[in-house]
Protein chains: 2
Amino acid sequence: MARDPDQSASGGHAEAHRHAIDADAVQSRARAYATSKGIPFTAMRQRVLGLLAASGKPMAAYEIAEKLSDARRVQAVQVYRALEFLQEAGCVHRLASQSAYFACDHLHGSGEMVVFMVCSQCGAVQEAASDLVARGLRGVAKTTGFKPLHPIIELEGECADCTSEPVG
Amino acid sequence: MARDPDQSASGGHAEAHRHAIDADAVQSRARAYATSKGIPFTAMRQRVLGLLAASGKPMAAYEIAEKLSDARRVQAVQVYRALEFLQEAGCVHRLASQSAYFACDHLHGSGEMVVFMVCSQCGAVQEAASDLVARGLRGVAKTTGFKPLHPIIELEGECADCTSEPVG
DNA sequence: CATGGAATGTAATAATATAACAGGCGCCAT
DNA sequence: ATGGCGCCTGTTATATTATTACATTCCATG
Ligand SMILES: [Zn+2]
Ligand SMILES: [Zn+2]
Ligand SMILES: [Zn+2]
Ligand SMILES: [Zn+2]
């Protein structure tokens with residue numbers, strides 16, 4: 001079956017409530033970004049990205065710090081620093097509606113407008129880049145003379161899995 | 001000139017950087033909502049809405065508390081309580097990208113998907129309801145079996161005024 | 001080895017938001 | 001009227017999210 005050209009979701013297959021990311025792929029992208037910028041892909045950055053990729057779901061910064069703490073306590077500020085790098089690298093997104101962060105294994109174009117669909121029940125996030133949405137947004141912006149630089153498009157709702165399995 | 005049917009912005013007229021809301025109209029709507037729910041449109045709620053309407057720009061909750069404080073100090077928690085009511089009443093929106101709140105004098109349909117355009121320079125917010133965007137979003141949701149309940153659509157960028165007057 | 005830029009570790013603090021609870025006020029059924 | 005009940009208020013405390021400041025360490029380079 002051909003893929004719908006107006007959609008490129010990160011989940012949607014048969015795994016039912018497991019949406020872990022391809023950790024190797026995303027780590028490679030982060031490493032490549034670091035190299036291209038001449039900055040190191042440090043252990044802390046790897047640990048944060050690894051955790052997010054394994055989790056497959058959005059996590060709060062303090063939750064990440066908590067999980068990464070062993071003998072030595074990882075402070076939230078260290079997590080925020082790593083997240084900053086990872087977001088620049090395009091490997092992690094921030095959910096404004098939840099103040100949470102999640103790993104992404106897509107390669108987004110620079111002008112692309114991506115929709116985050118966040119399930120209120122299970123917390124899973126699916127991404128979809130919609131050309132129709134992008135055209136609509138650029139349309140309303142143009143009408144009012146507004147120059148859009150950074151779109152935030154989030155749908156809170158219920159994912160397919162949770163709709164079919166009401167409570168779990 | 002006829003209004004573009006795919007656009008209904010809250011600013012965009014000739015006032016240049018002043019976007020104060022019709023305070024009377026929005027207060028009336030809040031009052032009507034309160035009456036319909038059988039709950040009071042209390043002094044605190046009026047004060048918060050009045051301030052936001054007069055300001056015409058997004059304000060942080062603590063900033064509102066600050067401005068409303070006179071002899072007696074208004075605590076943030078009281079502001080949050082008022083904001084909760086005002087958001088239910090549809091008179092105030094929350095900007096997820098800024099954790100800020102602003103008054104709205106539109107009457108939004110229940111399934112409507114509204115775009116908030118936030119100017120990084122001057123902080124002004126314009127709203128536009130786009131049918132094209134709504135169709136696009138419902139499209140990507142449907143493709144992945146996602147049931148959207150609460151959309152958050154924010155464009156950070158530069159408004160027409162600030163584009164023409166680069167620094168101010 | 002010296003040095004400068006970047007990342008780290010640590011502490012403190014700012015900014016945003018909610019919880020908990022006592023008291024007051026209006027409304028309504030007794 | 002009066003007592004109960006629901007909602008709002010005032011107040012304090014706490015939770016959650018994010019940033020600032022600064023001394024130290026690491027490391028590539030000269
Ligand atoms: Zn992505
Ligand atoms: Zn779900
Ligand atoms: Zn509105
Ligand atoms: Zn502007």
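Everything quoted here is computed from the prediction, not taken from an experiment.
The list of salt bridge (Lys or Arg N to Asp or Glu O under 4.0 Å) pairs with a residue in residues 27-55 of chain A, not counting sequence neighbours, reads Arg47(A)-Asp70(A). Pairs passing the ring-ring contact (aromatic ring centres under 6.0 Å, His included) check and including a residue from residues 65-85 of chain A, sequence neighbours excluded, read Tyr33(A)-Phe85(A). Counting only residues at least two apart or on different chains, no salt bridge (Lys or Arg N to Asp or Glu O under 4.0 Å) pair has a member in residues 83-93 of chain B. Contacts classified as ring-ring contact (aromatic ring centres under 6.0 Å, His included) and involving residues 35-78 of chain B (residues at least two apart or in different chains) are not found. Sorted by first then second residue, the salt bridge (Lys or Arg N to Asp or Glu O under 4.0 Å) pairs that include residues 133-147 of chain B, not counting sequence neighbours, are Asp131(B)-Arg135(B). Screening residues 115-164 of chain A for ring-ring contact (aromatic ring centres under 6.0 Å, His included) gives His93(A)-Phe116(A), Phe102(A)-Phe116(A) as the qualifying pairs, with residues at least two apart or on separate chains.
Here Gln78(B) reaches the OP1 or OP2 of dG10(D): one of its side-chain N or O atoms lies under 4.0 Å away. Taking only side-chain nitrogens and oxygens, Arg45(A) comes nearer than 4.0 Å to OP1 or OP2 of dA7(C). Put simply, Arg73(A) has no side-chain N or O that comes within less than 4.0 Å of OP1 or OP2 on dG9(C).
If you check dA7(C), dT9(D), dC8(D) against the side chain of Ile39(B), the one that comes closest is dC8(D).
End-to-end axis angle of the helix from dC1(C)-dG30(D) to dT30(C)-dA1(D), using five pairs per end and rounding to 10°, comes to 10°.
Every residue two or more places apart in sequence or in another chain was checked for a side chain to side chain donor-acceptor pair (under 3.5 Å) with Gln46(B), and none qualifies. With sequence neighbours excluded, no residue satisfies side chain to side chain contact (heavy atoms under 4.5 Å, CB included) with Ser28(A). Qualifying side chain to side chain contact (heavy atoms under 4.5 Å, CB included) partners for Ala100(B), counting only residues two or more places apart in sequence or in other chains: Pro58(B), Gln98(B).
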Heavy atoms under 4.0 Å is the rule here; annotate nucleotides 24-30 of chain C 5' to 3' with B where the base is hit, S where only the sugar-phosphate is, and - elsewhere.
-------
Summary of protein contacts for nucleotides 15-30 of chain D, nucleotide by nucleotide, where a base hit scores B, a sugar-phosphate-only hit scores S (4.0 Å, heavy atoms)
--BBBBB---------
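The CD atom of Glu88(A) sits 14 Å away from the C1' atom of dA6(C) (whole-angstrom rounding). When rounded to the nearest whole Å, the span between CG of Leu83(A) and P of dT8(C) equals 12 Å. Computed from coordinates, the Phe41(B) CZ to dC7(D) C1' distance equals 16 Å when rounded to whole Å. Following rounding to the nearest Å, Glu84(B) (CD) and dA19(C) (P) show an atom-to-atom distance of 10 Å. Distance Lys37(B) NZ to dC8(D) P: 12 Å, rounded to the nearest Å. Note: CD (Glu66(B)) to C1' (dA15(C)) measures 13 Å, nearest angstrom. The distance between atom CZ of Arg72(A) and atom C1' of dG9(C), rounded to the nearest whole Å, is 9 Å.
Listed for the Ser120(A) side chain is no donor-acceptor partner under 3.5 Å among the backbone atoms of Glu158(A). A donor-acceptor contact shorter than 3.5 Å links the side chain of Glu154(A) to the backbone of Ala96(A).
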